[in-house]
Novice: 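Please find one structure pasted underneath; my questions will follow.
Along the sequence shown, residues are numbered consecutively beginning with 1.
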Amino acid sequence: MNRTQAVRHAIAVDYGDGVPYEVTYALRVGHEGNKRKIWVRDRGRWYGNHEGEPVLARGAVRVQPAGPGDPQQAERPRFFKERAHFLRLLEDTLAVSQHYAVPFILAVVSIDNLKLAAETYGPQIIDPILQEFSTTIEKTVRDTDVVGELTEGEIGIILNRIDPQEAETAVQRIAERMMTVTVPLRDRVVVPVVSVGALVVSGTEADSMRDCLDAVRRALVRAQKAGGGHLVIDRVDEPGAGEPQKAREDDVDELLRTVREGRLILSQIPVREAETGKTVFLHLAPHLLNEDGDLVPAGKAVDRAEGLGFAQLVDMRLLYLARERLAAAPKQRFCLGVSTGALLNEVWLANLERILRETSGAPDRLIIAVPFDTLLARGDEAADLVESVRTLGAKLAVRRFDGRFWDARPLGPMGLEFLELELAQLRMDEAEAEDRAWTSTADLVAAMGLKALVSGTSSTEEEARLAKAGFPLIEKKPA
């Protein structure tokens, strides 16, 4: 980093004498075609305003005769800071918060199944998992935030100078990104189970760093007791608040049992054109046939199984059931949602290719709906991932898009069939404002070259309002 970055990243209080800084960086000198790199050491002091923001730096720049090697040729370092360094920065952050009365957030991300993964695949799996988290966090946090490894499998994050009213949104975004991390192996995908505890600290609420660490760890324990994939946010002045609710009954065992017994089935939910009401395709939604003969939605159980590493078994079964539907209705189009790891699973892709090849008209009749967080987690590889499926002949769509946190623009050039938005995410308190927001959202998605599908409507009135707002596809909530 250069001087400006080093000063902006600094966490310290200027009591009037300035704060020392020291940074080494490279300068490119010379003319075009004859440029060379020299390393310099930049040392001095920076001075802050009444809010603690750096406004002036004074120092000296000297050439380093024996500078370090080109960092671009070195192995990419992990984004985390060491535990001791992170704790020192946490102590400095607390001092800044108390001196200037500015809030910050301390969060701890726990990889709950790291030990299990190491026992299953060997200790060599730990570094790839941590490197995936490092890469994801680096793309998520701001330059002024601090990330460190507290223990093996626990990552600390400090979000500096953040409005307490925006705390939940900020932490939720980071938590959701952490929960999308996947680690591809040769023949399978490891899906880490993540819990997040967070603490909002404002002004002088915390007396010490120990208070902060104890409070955020209480929040983390509550998140872990609620089950993998949960987030709990506390305030430091409420150490005893919010006793953990009784964890929901785990339905994954029931899901796996129904898969083995053939009681996992696909129900058909029509997706219609908003203006005409004509059915465009059928959404194949997983359901469980319980012992009483009733159908129970299995969406949450499937997501939970994915988080616990059972997604491959479920994905294979759902693909087999989709093949049966394609064969039974040779003129009907279907949409099948897949898990985060499905498109990274070579065995699953090979089965998809075989079904598309052997089933009449299947390439034009089967839409594979990919979770948006899958594409987000793959970053620059997302386009290649989409293309690898499209080359097999299947149509592609994106489900679970959350417009509150993510940007849909990169999806425009990918040639997707539709982008699914849940109606619950479009809700607002006032109907008139809601209509305006719906219209803006529909126009924005269309301007990106995408077709929006709204799922979860429960009434004819809602369908009419969504059609008027400009959403082309609507999926009604099943009775």
Side-chain angles (χ1 to χ4, degrees), residues 258-259 262-274 276-289 295-299 301-303 306 311-343 345 348-372 374-375 386 388-401 414-422 450-457 471-479:
T258 56
V259 170
R263 291 190 289 113
L264 176 64
I265 67 173
L266 290 173
S267 63
Q268 300 180 163
I269 304 175
V271 174
R272 299 184 173 93
E273 288 183 350
T276 66
K278 178 183 177 182
T279 297
V280 182
F281 58 84
L282 299 176
H283 173 209
L284 299 175
H287 279 69
L288 304 180
L289 184 65
L295 287 179
V296 181
V302 171
D303 290 341
E306 179 182 346
Q312 291 184 17
L313 175 63
V314 177
D315 282 331
M316 288 297 182
R317 178 61 181 169
L318 294 180
L319 186 60
Y320 175 79
L321 294 174
R323 184 192 67 174
E324 292 183 338
R325 296 300 174 91
L326 287 166
K331 295 184 179 181
Q332 182 65 58
R333 295 189 82 202
F334 298 96
C335 176
L336 176 68
V338 299
S339 75
T340 300
L343 302 188
N345 186 334
W348 188 89
L349 288 172
N351 278 273
L352 173 63
E353 181 181 17
R354 180 172 57 83
I355 289 172
L356 295 174
R357 186 178 63 250
E358 296 177 355
T359 306
S360 175
D364 294 323
R365 296 193 294 119
L366 180 61
I367 305 169
I368 300 297
V370 187
F372 178 66
T374 298
L375 301 180
V386 169
S388 66
V389 178
R390 191 182 290 114
T391 54
L392 300 180
K395 308 299 181 182
L396 216 66
V398 168
R399 64 187 181 98
R400 292 203 314 222
F401 176 75
M414 294 185 182
L416 302 169
E417 288 283 304
F418 64 83
L419 178 71
E420 179 198 8
L421 299 98
E422 294 183 8
L450 297 166
K451 185 180 290 187
L453 181 155
V454 180
S455 62
T457 61
F471 290 105
L473 298 175
I474 296 176
E475 177 184 308
K476 192 171 183 177
K477 184 186 301 183

Novice: Roughly how far, to the nearest 0.5 Å, is the CD atom of E353 from the CG atom of L392?
Specialist: 5.0 Å

Novice: Taking all atoms of both residues into account, what is the closest heavy-atom pair of A362 and L326, and its distance?
Specialist: CB-CD1, 4.2 Å

Novice: Going by side-chain hydrogen bond (donor to acceptor under 3.5 Å, both in side chains), name the pairs with one or both residues in residues 318-330, residues two or more places apart or in two chains.
Specialist: Q268-R325, Y320-E324

Novice: Judged by modelled atom types alone, do E420 and S455 share a side-chain donor-acceptor pair under 3.5 Å?
Specialist: yes

Novice: Could you grab the distance from atom CG of L366 to atom CG of L352, nearest 0.5 Å is fine?
Specialist: 6.5 Å

Novice: The criterion is salt bridge (Lys or Arg N to Asp or Glu O under 4.0 Å); which residues satisfy it with R357, sequence neighbours excluded?
Specialist: none

Novice: Which atoms form the tightest heavy-atom contact between A322 and L266, and what is the distance?
Specialist: N-CD1, 3.7 Å

Novice: For a 4.5 angstrom cut-off between non-hydrogen side-chain atoms, does T276 reach E273?
Specialist: yes

Novice: Would W348 and V338 count as a side chain to side chain contact (heavy atoms under 4.5 Å, CB included) if you check the C-alpha gap in whole Å, the side-chain angles of each, and the deciding distance to 0.1 Å?
Specialist: CA-CA 10 Å; W348 188 89; V338 299; 3.5 Å; yes

Novice: With side chain to side chain contact (heavy atoms under 4.5 Å, CB included) as the test, would you mind laying out the steps for D364 and K395 before giving the verdict?
Specialist: CA-CA 7 Å; D364 294 323; K395 308 299 181 182; 3.7 Å; yes

Novice: Of all residues at least two apart in sequence or in a different chain, which pass the side chain to side chain contact (heavy atoms under 4.5 Å, CB included) check with V271?
Specialist: F281, H283, L453, L473, E475

Novice: How would you list, by chain and number, every residue that makes a side chain to side chain contact (heavy atoms under 4.5 Å, CB included) with L295, sequence neighbours excluded?
Specialist: I265, H287, L289

Novice: If I compare all heavy atoms of R399 with all of G337, which pair ends up nearest, and what's the gap?
Specialist: NE-CA, 3.7 Å

Novice: Could you tell me the separation between the CD1 atom of I368 and the CG atom of L416, rounded to the nearest 0.5 Å?
Specialist: 13.0 Å

Novice: Which atom names give the shortest non-hydrogen contact between A397 and I367, and what distance separates them?
Specialist: CB-CG2, 3.8 Å

Novice: What distance do L356 atom CG and N351 atom CG have between them, rounded to the nearest 0.5 Å?
Specialist: 11.0 Å

Novice: Working to the nearest 0.5 angstrom, can you tell me the gap between L284 CG and L318 CG?
Specialist: 9.0 Å

Novice: For A329, does its backbone N or O pair with a side-chain atom of R365 as donor and acceptor, under 3.5 Å?
Specialist: yes

Novice: Between CG of L264 and CG of L288, what distance do you get to the nearest 0.5 Å?
Specialist: 6.0 Å

Novice: Apply salt bridge (Lys or Arg N to Asp or Glu O under 4.0 Å) to E417 and list each qualifying residue two or more places apart in sequence or on a separate chain.
Specialist: R333

Novice: Would you please name every residue forming a ring-ring contact (aromatic ring centres under 6.0 Å, His included) with F471, sequence neighbours left out?
Specialist: none

Novice: Between S267 (side chain only) and A285 (backbone N and O only), is there a donor and an acceptor less than 3.5 Å apart?
Specialist: yes

